[in-house]
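Note: hydrogens, waters and symmetry copies are ignored here, and every other heavy atom, side chains too, is used.
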Amino acid sequence: KTDLLSLSVREFPELQGVMGGHLSHAQGFDKDIVDAIKEQYFPIGLDSTLPKRPFNIALALTDKIDTLVGFFGVNEKPSSSKDPYALRRIGLGIIRIIIENKKDLKIRDLISYSSNIYLDQGINFSNNELQRDISSFLKDRFKYYLKEKSIRYDIIDASTNIFDLNKISTVFEKAKSLNKVINKLIGEDIISSYKRAFNILNSEVKNKNIELTNTIDPGIFKSDYEKDFYKKTNEIRKYLTEILKSKNFDEAIVVLSSAKKEVFTFFDNVKVNDDSEIVKKNRLELIKFFCKTYENFIDFQSIKDINE
């Protein structure tokens, strides 16, 4: 940061970091360190240059997180009309670095670590909700980034509902994969299958004294339609577990779309509201199992189907 005191940076503020790189080079620092210092303020906008190398990413991220922690710690947060310290730009920079380098990082731990460094220096923060406030702020910046990337509005809602500071890249990649197919047949198959199951489940459980316990008894299935629905859901759950580990979200979308036949055949031929309370509850448990399997990918409740 000593380059901030130089006459060059005072005259041309856009040279901050760049001059630091030149000065560190003159002092004999390693090239990786020099490059990281040059890029410590990157990115400075939505389409500007992004740090790509490990040292550069590490310094740019820690500098931005340290800045947010310091300002939010003393309740100097952006308002609806004012952002004198360009904290929104800094927050967007954090989001971009994580997403565009496709690296999920433990941001919560970094915020806590930065906060503890301030405390170790005898600086006591007045903000007792520091972690929550920064998380909410970065969630808002994430939402802005999705809008700028032309992600459909309901997919943005579905993504922010499952937002996790430590999985920012993963949530974005899921949203991007779903957004690519949402207006195609494969997307319609996914949403129509989920919505048909969820709407029936919701109407039966809502305002009724039915307590579901996440237990299914295949032994009391009365038809092959139930067995096929249960088998297909288990297959999807198994495939998704492996696919999501490898982060192949496009393939996950294909797997999710494959259940339409079993879903519609089940609901076209099986009376969920059976006269037997045991059978009825078991069928509702099966439907819930299916819905939860889909919700492991994204919050499909927030996605609109073609008729909404």
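Residues V270 and F221 share a hydrophobic cluster, clusters being chains of Ile/Leu/Val/Met/Phe/Trp/Tyr side chains in contact below 4.5 Å. Following chains of ILVMFWY side-chain contacts shorter than 4.5 Å, one can reach F12 starting from V9, so the two form part of one hydrophobic cluster. M19 and V34 sit in two unconnected hydrophobic clusters of ILVMFWY residues. Membership requires side-chain heavy atoms under 4.5 Å apart, directly or through other members.
At least one donor-acceptor pair under 3.5 Å links the side chain of S246 to the backbone N or O of I243. Judged by distance alone, with hydrogens and angles left aside, the side-chain atoms of S48 form a donor-acceptor pair with the main-chain N or O of I44 at under 3.5 Å. A donor-acceptor contact shorter than 3.5 Å is absent between the side chain of K288 and the backbone of N214. Remark: side-chain polar atoms of D66 are not paired, donor with acceptor, to backbone N or O of T62 under 3.5 angstrom. Although no hydrogens or angles enter the test, the distance criterion places no donor-acceptor pair under 3.5 Å between the side chain of N179 and the main chain of A175. In this structure, S115 contributes its side chain and S112 its backbone to no donor-acceptor pair below 3.5 Å. Put simply, the side chain of D104 gets close to the backbone of I168: a donor and an acceptor are under 3.5 Å apart. Remark: the backbone N or O of G20 is paired with a side-chain donor or acceptor of D3 at under 3.5 angstrom. Of the possible donor and acceptor atoms, one in the side chain of S257 sits under 3.5 Å from a partner among the backbone N and O of V254. Without hydrogens or angle criteria, Q40 side chain to I37 main chain gives a donor-acceptor distance under 3.5 Å.
With F172 as reference, Y145 is the one residue of F249, Y145, F163, F142 to meet the ring-ring contact (aromatic ring centres under 6.0 Å, His included) rule.
The closest side-chain heavy-atom distance from K143 to D157 is below 4.5 Å. Counting heavy atoms from C-beta on, the side chains of I107 and I98 come closer than 4.5 Å. Residues I111 and V69 form a side-chain contact, since some pair of their non-hydrogen atoms from C-beta on lies under 4.5 Å apart. Contact check for K174 versus F297: side-chain heavy atoms found under the 4.5 Å cut-off.
Taking the six-membered ring for Trp and the full ring otherwise, Y225 and F267 have centroids separated by 6.0 Å or more. The ring of F300 has its center no closer than 6.0 angstrom to the ring center of F198.
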Could you check R196 against D268 for side-chain contact (heavy atoms from CB on, under 4.5 Å), going step by step and ending with a plain yes or no?
-> CA-CA 11 Å; R196 186 162 187 188; D268 288 344; 2.8 Å; yes
Stepwise side-chain contact (heavy atoms from CB on, under 4.5 Å) check, I278 with I220 = CA-CA 9 Å; I278 294 175; I220 60 174; 3.7 Å; yes
Can K281 and L212 be said to form a side-chain contact (heavy atoms from CB on, under 4.5 Å), step by step?
-> CA-CA 7 Å; K281 180 179 178 298; L212 301 182; 4.2 Å; yes
Please test K222 against V279 for side-chain contact (heavy atoms from CB on, under 4.5 Å), starting from the C-alpha separation and ending with a verdict.
-> CA-CA 9 Å; K222 287 186 173 183; V279 172; 3.9 Å; yes
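At a cut-off of 3.5 Å, with distance as the only test, no side-chain donor of S302 or D154 sits close to an acceptor on the other residue. Defined by atom type and a distance below 3.5 Å, a donor-acceptor pair is present between the side-chain atoms of T213 and E285. In this structure, a donor-acceptor pair under 3.5 Å is present between the side chains of N183 and R152. If you check the side chains of K280 and N273, you find a donor sitting under 3.5 Å from an acceptor. D305 and S192 share no donor-acceptor pair across their side chains, judged by distance under 3.5 Å alone.
With respect to K180 and D250, a salt bridge is recorded, a charged nitrogen being found less than 4.0 Å from a carboxylate O. Between D83 and R89 there is no salt bridge, since none of the side-chain N atoms of the basic residue sits less than 4.0 Å from a carboxylate O of the acidic one. A salt bridge links K292 with E295; the closest basic N to acidic carboxylate O contact falls under 4.0 Å. Salt-bridge check for E188 with K184: failed, with every basic side-chain N at 4.0 Å or more from each acidic carboxylate O. Classification of E226 and R283 as a salt-bridged pair holds, one side-chain N sitting under 4.0 Å from a carboxylate O. Under a 4.0 Å N-O distance rule, the pair K260/D189 qualifies as a salt bridge. Classification of E235 and K238 as a salt-bridged pair fails, no side-chain N sitting under 4.0 Å from a carboxylate O.
Here OG of S6 is found 6.5 Å from CG of L23. Values are rounded to the nearest 0.5 Å. Within the model, atoms CG of L256 and OG of S258 stand 7.5 Å from one another, a figure rounded to the nearest 0.5 Å. Taking CZ of F72 as the start and CG of L130 as the end, the distance is 8.5 Å to the nearest 0.5 Å. Note: I303 CD1 to I155 CD1 = 5.0 Å, rounded to the nearest 0.5 Å. To the nearest 0.5 angstrom, D274 atom CG is 10.5 Å from N282 atom CG. Taken from CG in N296 to CD1 in I162, the straight-line distance is 10.0 Å, to the nearest 0.5 Å.
Residue A60 comes nearest to F42 through the heavy atom pair CB-O, 3.7 Å, listed as atom of the first residue, atom of the second, then distance. Across every non-hydrogen atom of A259 and S193, the tightest pair is C-OG, 4.3 Å. Residue G45 comes nearest to R96 through the heavy atom pair O-NH1, 2.7 Å, listed as atom of the first residue, atom of the second, then distance.
Sparse packing is recorded around NZ of K82, with 12 or fewer heavy atoms of other residues, nucleotides or ligands lying under 6.0 Å away. Heavy-atom contacts from other residues, nucleotides or ligands closer than 6.0 Å to CD of E14 number more than 12.
Evaluation of the salt bridge (charged side-chain N to carboxylate O under 4.0 Å, His left out) test over residues 18-37, restricted to residues two or more places apart or in two chains, returns K31-D35, D32-R53, D35-R53.
A tilted orientation is assigned to the rings of F290 and F229, their planes being inclined by 30° to 60°.
In this view, Y41 satisfies the ring pair (Phe, Tyr, Trp, His ring centres under 6.0 Å) rule with no residue, not counting sequence neighbours.
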